[in-house]
Amino acid sequence: MNVSAQSNETHDNVSALPLGKALVLYVDRIMLTNFRSYESMTLDAGSNSVVLTGANGAGKTNLLEAISFLSPGRGLRRAKLSDVSRINANSSWAVAGRVMTPNGERQMGSGLVPRADLSSETANDRRIGRLDGETLSSPAAFGEILQVAWLTPQMDRLFIDGVSSRRRFLDRMVAAYHPSHTREVSAYERVMRERAKLLSEGGADPVWIGSLESRMAEHGVAVAAARLDALEKLSSAIAESQSAFPSAVLALGGLLEEGLLSKPALEVEAEFCEKLVASRHIDARSGRTSVGPHKTDLLVRHKEKNMPAELCSTGEQKALLIGITLASARLTATQFGAPPVLLLDEVAAHLDEKRRGFLFEELGDIGSQVWLTGTDRSLFDLMQKRARFFHFKDGKIEAH
Ligand SMILES: Nc1ncnc2c1ncn2[C@@H]1O[C@H](COP(=O)(O)OP(=O)(O)OP(=O)(O)O)[C@@H](O)[C@H]1O
Ligand SMILES: [Mg+2]
């Protein structure tokens, strides 16, 4: 598919909308090359939210995934980088975005550099970032320019799936208010892997292992402290927001986070170090690390029903998740200085008309640029005046 969705309309007719705040941070244009179903595609959103409609398999989620690559991490599908390359095309892919920020226009780009093209001996493919024409070694710095948050149909299982997806969801939110969080988590995991490798090989110098454990404790406590602080702020944002979506009561189930609630950081750090020393034997045998912030869970309760999220109905869980995401977007606006770009994949289809109306109203109030998808255009009638509509048909994208 080689389509262009550039529209000749000026943006002014839709940016001065009566509903909602003017956007201060948005993806003005997105360009994809060899990205999944897209050979080459340009879409101009302007300073609007965007509604993408079309049949199953039309390419709606692919486009949202491309935007999610304008943030650090593995994107909204957490796909293997090589799977994103268009089948039967050259193995690299690229996404480029023109992003309007309160400090002016920025050119952001990202793409896959296949292992074979890397000069150093690297075992894996790598995603690079480009910012205003400069190549970055990784897209980590994107988080300083743009925050992107998303809800996908896969996340409907967030409260019943394993703890790791909830922890990732938590850490993405924390990173929106604590810029160094992603780096701290990576540093902790890197040292943890190094310790696990040495332990499983056997015969390593205990002093060296001890120094790795001290570093793990240092990074681990920083990770846990940022999570606690973020959770406190998020809980206040939930309490203050007059949302139509249910309120969540949030807590953290984790050794360090629980320790920090009642003890000074240095004490928690020392205790964690002791636990690591004590678990060397077990960890050497299992090849894993039995304690630490890499095991922390995000515990969610439905406030009004006083019910753990995992025991709520599917619709209630979805509503809780939307409520948390909206509160987090409000908090991002104050902490980061601008609300996040929100990618809401198939969210509207699961809500009744009244709830949909509330959602669109709250989104307008937050001032996020929102990218919404759905098969049916009528789901978005209430967004008529606030979004630019695109429809995918026969491999083409048409602006409506
Ligand atoms: N690497 C790839 N190369 C080429 N095509 C791909 C690749 N990965 C996925 N696709 C195809 O892209 C198409 C569009 O997928 P996408 O998930 O974006 O659809 P969608 O519009 O979100 O559909 P739905 O409404 O079912 O969610 C699918 O047919 C899929 O098979
Ligand atoms: Mg889809």
Side-chain angles (χ1 to χ4, degrees), residues 19-21 24-25 147-151 155-156 158-160 163 165-179 181 223-254 256-262 293 296-342 344 347 350-352 354-368 370:
L19 298 164
K21 294 178 186 165
V24 293
L25 180 67
Q147 291 293 326
V148 186
W150 51 78
L151 281 177
M155 289 166 71
D156 289 355
L158 192 77
F159 300 125
I160 33 186
V163 53
S165 40
R166 269 189 305 281
R167 191 169 49 248
R168 266 198 307 276
F169 174 69
L170 164 73
D171 281 334
R172 280 194 61 79
M173 290 192 294
V174 178
Y177 342 126
H178 286 269
H181 186 64
V223 165
R227 284 176 182 160
L228 270 183
D229 178 71
L231 213 75
E232 197 182 308
K233 292 192 167 93
L234 187 55
S235 299
S236 306
I238 290 172
E240 283 160 20
S241 67
Q242 313 237 309
S243 178
F245 291 88
S247 296
V249 179
L250 307 172
L252 293 173
L256 302 192
E257 290 85 354
E258 282 161 21
L260 285 172
L261 287 176
S262 58
T296 298
D297 197 359
L298 172 65
L299 309 168
V300 180
R301 289 182 76 83
H302 190 301
K303 187 175 177 203
E304 288 83 11
K305 295 194 64 177
N306 192 20
M307 183 78 76
E310 64 272 26
L311 298 184
C312 290
S313 76
T314 316
E316 286 166 344
Q317 291 186 22
K318 181 113 191 168
L320 265 176
L321 197 53
I322 294 175
I324 296 171
T325 304
L326 293 174
S328 177
R330 285 182 200 278
L331 183 56
T332 304
T334 56
Q335 299 287 308
F336 176 71
V341 168
L342 286 173
L344 304 185
V347 170
H350 297 273
L351 300 173
D352 56 43
K354 196 166 139 210
R355 280 264 169 89
R356 261 199 321 273
F358 287 138
L359 173 65
F360 297 156
E361 214 169 283
E362 286 189 41
L363 291 170
D365 186 44
I366 291 166
S368 282
V370 194

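Sequence positions, counted from 1, serve as the residue numbers for this chain.
For the residue pair Ala329 and Ile366, the shortest heavy atom distance occurs at CB-CG2, 4.1 Å. Closest approach of Asp229 to Lys233, counting heavy atoms only: OD2-NZ, 2.6 Å. For the residue pair Arg166 and Leu298, the shortest heavy atom distance occurs at CD-O, 3.3 Å. Looking at every heavy atom in both residues, Leu234 comes nearest to Leu250 through CD2-CD1, 3.6 Å. Across all non-hydrogen atoms, the minimal contact from Arg330 to Asp365 is NH1-OD2, 3.2 Å. Closest of all the heavy-atom pairs between Val347 and Leu351 is O-CG, 3.7 Å.
With contacts defined as side-chain heavy-atom distances shorter than 4.5 Å, the pair Asn306/Arg301 qualifies. Proximity of Phe245 to Ile238: side-chain heavy atoms (C-beta onward) are nowhere separated by under 4.5 Å. Within the 4.5 Å cutoff, the side chain of Leu326 has heavy atoms near those of the Leu363 side chain. Residues Val24 and Pro339 are in side-chain contact: their nearest non-hydrogen atoms beyond the backbone lie under 4.5 Å apart. Side-chain atoms of Leu231 and Leu170, non-hydrogen and from C-beta on, do get closer than 4.5 Å to each other. Considering only heavy atoms from C-beta on, Lys303 stays 4.5 Å or farther from Pro246 through its side chain.
Side-chain polar atoms of Tyr177 and Thr334 form no donor-acceptor pair below 3.5 angstrom. Using modelled atom types and a 3.5 Å distance limit, the side chains of Thr332 and Gln147 yield no donor-acceptor pair.
In this structure, the side chain of Ser241 engages the main chain of Ala237 through a donor-acceptor pair within 3.5 Å. Put simply, the side chain of His178 never gets that close to the backbone of His181: no donor and acceptor are under 3.5 Å apart. The backbone N or O of Cys312 lies less than 3.5 Å from a partner atom in the side chain of Gln317, making a donor-acceptor pair. No donor-acceptor pair closer than 3.5 Å links the side chain of Asp297 to the backbone N or O of Leu299. When atom types are taken as modelled, the side chain of Gln335 and the backbone of Ala176 share no donor-acceptor pair closer than 3.5 angstrom. Panel note: side chain Arg227, backbone Pro293; a donor-acceptor pair is recorded below 3.5 Å. With Arg172 contributing its side chain and Val148 its backbone, the two residues share a donor-acceptor pair below 3.5 Å. Side-chain atoms of Ser368 never come within 3.5 Å of backbone atoms of Val370 as a donor-acceptor pair (strictly under, hydrogens ignored). Between the side chain of Glu362 and the backbone N or O of Ala244 there is at least one donor-acceptor pair closer than 3.5 Å.
Note that the CZ atom of Phe159 and the CG atom of Leu320 stand 5.5 Å from one another [nearest 0.5 Å]. Taken from CG in Leu228 to CD in Glu257, the straight-line distance is 6.0 Å, to the nearest 0.5 Å. Atom OG of Ser247 and atom NZ of Lys305 lie 14.0 Å apart (nearest 0.5 Å). Rounding to the nearest 0.5 Å gives a distance of 9.5 Å between CE of Met307 and OG of Ser313. In this structure, Leu252 CG and Leu261 CG are separated by 8.0 Å, a value rounded to the nearest 0.5 Å. Interatomic distance, His350 NE2 to Asp156 CG, rounded to the nearest 0.5 Å: 5.5 Å.
With a 6.0 Å radius and a threshold of 12 heavy atoms from other residues, nucleotides or ligands, Glu310 has its CD atom above the threshold.
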